[in-house]
Amino acid sequence: MQVIRDAWFLTKMEYGGLRYRNLFSFIMIAYITLMAIPLTRGIHAIDKEPSLAYVFIDFYFLTLVPIFGFFFNKKSINYHRDDSYTVNLAHLRTMPISFEAMIASRIIEMIIPLAVNGTIFFTVQYLFAERVFDGMTLAQYISYAVMWLGYAVLVSAVYIYSELTQSGKRYLMVTIVMMVCNVAAALICWFAKVSVMVFTVDIAKQSPVLTPIIMVIASWLAMYISLTAVRRKLKIRDLM
């Protein structure tokens, strides 16, 4: 119980004073959401061969959906220059708070924006990209959204590990590598004449219960492994 109290204290300390600065985060999510509407509207029927535009569509979703679990603020934008995550971690180490509370706080700090941003994004998608989701029931669409949110948690496991165990410059390198991997994945799918975006719509229609459950289990298993490694690393990490 003490861990939860400390974790919630850290979360409020992190986000409680943002207020008007949350406006920038909202603007960024609104921009990402609005940009996705014409992209998804351009998707053809599932049985048609994907065009080169699918490379950008898949890259867009693979890259941007995971950042729904982050607030956009000075610390998250300037981390590579100021090493702000390491500075913040050094500050937390001076407080009488356990590693478990620090880790639990970081999970809460991911869940809150992921829930808010994900709700905004997928609600707007459902309302304005009707061509793509034509024929889907609400349950199937929720399945589709849960699969992508599960993917966001999966990738966030990598980002959170890097955030808490690496310097700002190394974290930037991890981000670049992830983007390159997303480009490669989008290109491979295009050459294979498939689309990640269309595939998730298709599989949500075919298996609206089992697939999101598998994705959620896989994503939180990855997060558990990541945080276990983080806890080990924090005990020995030199923050100087």
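Shown here for Tyr159 and Pro66, the closest heavy-atom pair between the two residues is CE1-CB, 4.4 Å. Minimum heavy-atom separation, Ala218 to Leu154: O-CD1, 3.9 Å. For the pair Met147 and Thr200, the tightest heavy-atom approach, listed with the atom from each and the gap, is CE-O, 3.3 Å. Taking all atoms of both residues into account, the shortest heavy-atom contact from Trp220 to Met110 is CH2-CE, 3.6 Å. What you find for Leu149 and Gly118 is that their closest heavy atoms are CD2-CA, 4.1 Å. Of all non-hydrogen atoms in Ser207 and Ser143, the two that sit nearest each other are O-OG, 4.1 Å.
Residues Ile214 and Ile225 are members of separate hydrophobic clusters, defined by side-chain heavy-atom contacts under 4.5 angstrom among Ile, Leu, Val, Met, Phe, Trp and Tyr. Both Met178 and Phe56 belong to a common hydrophobic cluster when Ile, Leu, Val, Met, Phe, Trp and Tyr are linked at side-chain heavy-atom distances under 4.5 angstrom. One hydrophobic cluster, built from ILVMFWY side chains closer than 4.5 Å, holds both Phe70 and Met35. The hydrophobic cluster containing Ile57 does not contain Ile188, counting ILVMFWY residues as joined when their side-chain heavy atoms lie under 4.5 angstrom apart, directly or transitively. Note on Val124 and Leu127: same hydrophobic cluster, where clusters join Ile, Leu, Val, Met, Phe, Trp and Tyr whose side-chain heavy atoms are under 4.5 Å apart, directly or indirectly.
In this structure Val116 satisfies the side chain to side chain contact (heavy atoms under 4.5 Å, CB included) test together with Ile120, sequence neighbours excluded. The salt bridge (Lys or Arg N to Asp or Glu O under 4.0 Å) search around Arg231 returns Glu100, not counting sequence neighbours. Taking Asp58 as the reference, Ser195 meet the side chain to side chain donor-acceptor pair (under 3.5 Å) condition, with sequence neighbours excluded.
The distance from atom CD1 of Ile203 to atom CE of Met215, rounded to the nearest 0.5 Å, is 9.0 Å. Between the CG atom in Leu164 and the NZ atom in Lys233 there is a gap of 12.0 Å [rounded to 0.5 Å]. If you take CD1 on Ile217 and CD1 on Ile213, they are separated by 7.0 Å, rounding to the nearest 0.5 Å. Atom CE of Met28 and atom OG1 of Thr33 lie 10.5 Å apart (nearest 0.5 Å). Between Asn182 atom CG and Leu187 atom CG the span is 11.0 Å, to the nearest 0.5 Å.
The shortest distance between side-chain heavy atoms of Arg106 and Glu163 falls below 4.5 Å. Side chains of Val194 and Phe199 form no contact here, defined as non-hydrogen atoms less than 4.5 Å apart. Here the side chains of Phe68 and Ile29 are in contact, with some heavy-atom distance below 4.5 Å. Within the 4.5 Å cutoff, the side chain of Tyr151 has heavy atoms near those of the Leu62 side chain. Under the 4.5 Å side-chain criterion, counting only non-hydrogen atoms from C-beta, Leu64 is in contact with Ile67.
Aromatic ring centres of Phe121 and Tyr126: separated by at least 6.0 Å.
At least one donor-acceptor pair closer than 3.5 Å links the side chain of Gln140 to the backbone N or O of Lys205. Remark: the backbone N or O of Pro113 is paired with a side-chain donor or acceptor of Asn117 at under 3.5 angstrom. Remark: side-chain polar atoms of Ser156 are paired, donor with acceptor, to backbone N or O of Ala152 under 3.5 angstrom. No donor-acceptor pair under 3.5 Å is formed between the side chain of Ser226 and the backbone N or O of Ala222. Remark: the backbone N or O of Met136 is not paired with any side-chain donor or acceptor of Tyr141 at under 3.5 angstrom.
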ask   = Val65 and Tyr60: side chain to side chain contact (heavy atoms under 4.5 Å, CB included), yes or no, with the steps?
value = CA-CA 8 Å; Val65 170; Tyr60 191 88; over 6 Å; no
query = Would Met223 and Ile160 count as a side chain to side chain contact (heavy atoms under 4.5 Å, CB included) if you check the C-alpha gap in whole Å, the side-chain angles of each, and the deciding distance to 0.1 Å?
reply = CA-CA 9 Å; Met223 183 62 72; Ile160 290 175; 4.0 Å; yes
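Under the 30°/60° scheme for interplanar angles, the aromatic rings of Tyr144 and Trp148 are found to stand perpendicular.
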